[in-house]
Amino acid sequence: MRRIDHDDFDGLAVGWALHALEPAEEQAFAEHLATCDRCQQLVSESEEALGDLAYDVSMVEPPPQVLERIRHETGATDAMAGRSRRLEESFAPVIPLAPRASRRPPRWAMAAIAAAVVLIALLGWNVVLQNRVDEAQRIAAQRERVIEQLGNSSTRAILTDGANRQVGYVIQRGPSLEIVAGGLAPNDRARTTYVLWAVQGSGEPPQAVGTFDVVRTSMDVRSVSGSPPAPDTFTGFAVTKEQGRKVPQQPSQVVASGAVLS
Amino acid sequence: MGLVTNTIFVRTLVTRPPRARSGVVSDVDLVRAIADGQHVALEEIYARYGRIVFSLARRIVVDSGLAEDVAQEVFLALWRDPAKFDVNRGAFGTWLLSLTHHRAVDAVRREESVRRRRNKVAEQVTSGALTDIEPAVADQAWVTVRRDRVKLALGNLPEPQREAITLAYFGGYTQREVAALTGTPLGTVKTRMLAGMRRLREDLASGDGTAGDLL
């Protein structure tokens, strides 16, 4: 039997990361791994790459019973569950769309209406919390402006962050795209910029639409510089936050995204 | 963590929406809170990772009911022993997905229906239909961007390397089983996996294929 050299261990390290070793190999390699920095590094790097590979799947929401079972097993109380519901509401205050009617408006119009309702709820909630008259007046004026703008626009996408929470909308008003931001962190307008990307589902690289800034955490409408791509050529939007004030060749940190509303 | 700190932490969670990458409440902080017995932290982690954990499990086990069990196992394992995640050994998301992959593969190997499922997966892998077992329900652009980059990196691999890695990762096959399935010597399979993984890492690390964790 030939002596094992470290190239053999490299192959085993990748097999370990893939959970693809036979039981006897796995046991033997575990002993080696505990004492080998090189293999620990290789396993760690391989697991990192495989963590990305995990995203090459169709995304499906887990059924509600999964969370319920976890709550039950962890001994989370009903009060805890109630607090969690409030937490979810705080993170993503969503007003359901109206029931389907026989002559309902187009989907984009319903989304725009829903967006306006959400904005009103959000802004009203802020008023109660802050209990400041001047703030209420400012927000009321802002609300009027947002609703007015939404009234002349169509909603192209609802933006959510990586945790699936709504942080804004992409709306189209005339030939231009605008962002209704409500949850994106204000950026340093001297050093950073947000970039809106159109994402194509065909494997083509994302196409930069333009840049915009976020100046406040509350709801605000921000214009996107640049021209929107032709409809029907892309499937969604993504928002990245970039260092510098120019559009990079490739997106870096995706902070929000949303599928195009048909 | 003291009571006052706990109260502040929970209030922060309840009143301030964490935003991706803004660092309001990091994954690591949430894991620390889980170690402190805070259910709300586990729920927040579930909100961030429940979908990808369930989706990955479902992709591997090809059965929604079994995927539910795997997802439950993963989050319960985190709850019961959060110290298993070592912050010095990589990102939390990487660790959680690795745990998910291991649990899903273990579930596949336990199941009586493994032969039928494996035949189905093997057909898909060898025919190149690697993407969807069922139509996407809730794909989003954010995930699409990340997935496109991974697809690009996978597409850059020579076919034998891609086949070996995907059969092991998504199919749950051992190296020996991959060798038998593809009619390739075991040593060649190991070499292909090693070379493919190196190439994949390089492509993803160079920005051709990678995206970061959720937070």
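A note on names: the letters A, B, ... follow the listed sequences, proteins ahead of strands, and every chain is numbered from 1. Atom set for the values below is all heavy atoms of this structure, side chains included, hydrogens, waters and symmetry mates excluded.
A:Gln41 does not touch chain B: none of its heavy atoms, backbone or side chain, sits under 4.5 Å away. Only the side chain of B:Leu76 comes within less than 4.5 Å of a heavy atom of chain A; its backbone N, CA, C and O stay farther away. Using a 4.5 Å cut-off between heavy atoms, A:Ala13 does not touch chain B at all. In this structure, chain A has a heavy atom under 4.5 Å from the side chain of B:Leu42, while its backbone stays farther away. When heavy atoms are compared at a cutoff of 4.5 Å, A:Ser46 approaches chain B by way of both its backbone and its side chain. When heavy atoms are compared at a cutoff of 4.5 Å, B:Met197 approaches chain A solely by way of its side chain, counted from C-beta outward. Of the atoms belonging to B:Tyr46, it is side-chain heavy atoms, and not backbone ones, that fall under 4.5 Å from chain A.
The existence of a salt bridge linking B:Glu44 and B:Arg48 is confirmed by a sub-4.0 Å separation between a basic side-chain nitrogen and an acidic carboxylate oxygen.
Ranked by non-hydrogen atom pairs under 4.5 Å with chain B, the options A:Glu48, A:Glu45, A:Lys241, A:Gln40 are led by A:Glu45. Most heavy-atom pairs under 4.5 Å with chain B: of the set A:Ala49, A:Pro63, A:Ala17, this distinction falls to A:Pro63.
The aromatic rings of B:Phe92 and B:Phe85 lie perpendicular to each other, with more than 60° between the two planes, well past the 30° mark. Between A:Phe29 and A:Phe9, the ring planes lie tilted relative to each other; the angle falls in the 30° to 60° range.
For B:His102 (side chain) and B:Ser98 (main-chain N/O), a donor-acceptor pair under 3.5 Å exists by modelled atom type. Judged by distance alone, with hydrogens and angles left aside, the side-chain atoms of A:His19 form no donor-acceptor pair with the main-chain N or O of B:Val105 at under 3.5 Å.
The closest side-chain heavy-atom distance from A:Glu25 to A:Trp16 is not below 4.5 Å.
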Would A:Tyr194 and A:Val255 count as a side-chain contact (heavy atoms from CB on, under 4.5 Å) if you check the C-alpha gap in whole Å, the side-chain angles of each, and the deciding distance to 0.1 Å?
CA-CA 9 Å; A:Tyr194 282 99; A:Val255 297; 3.9 Å; yes
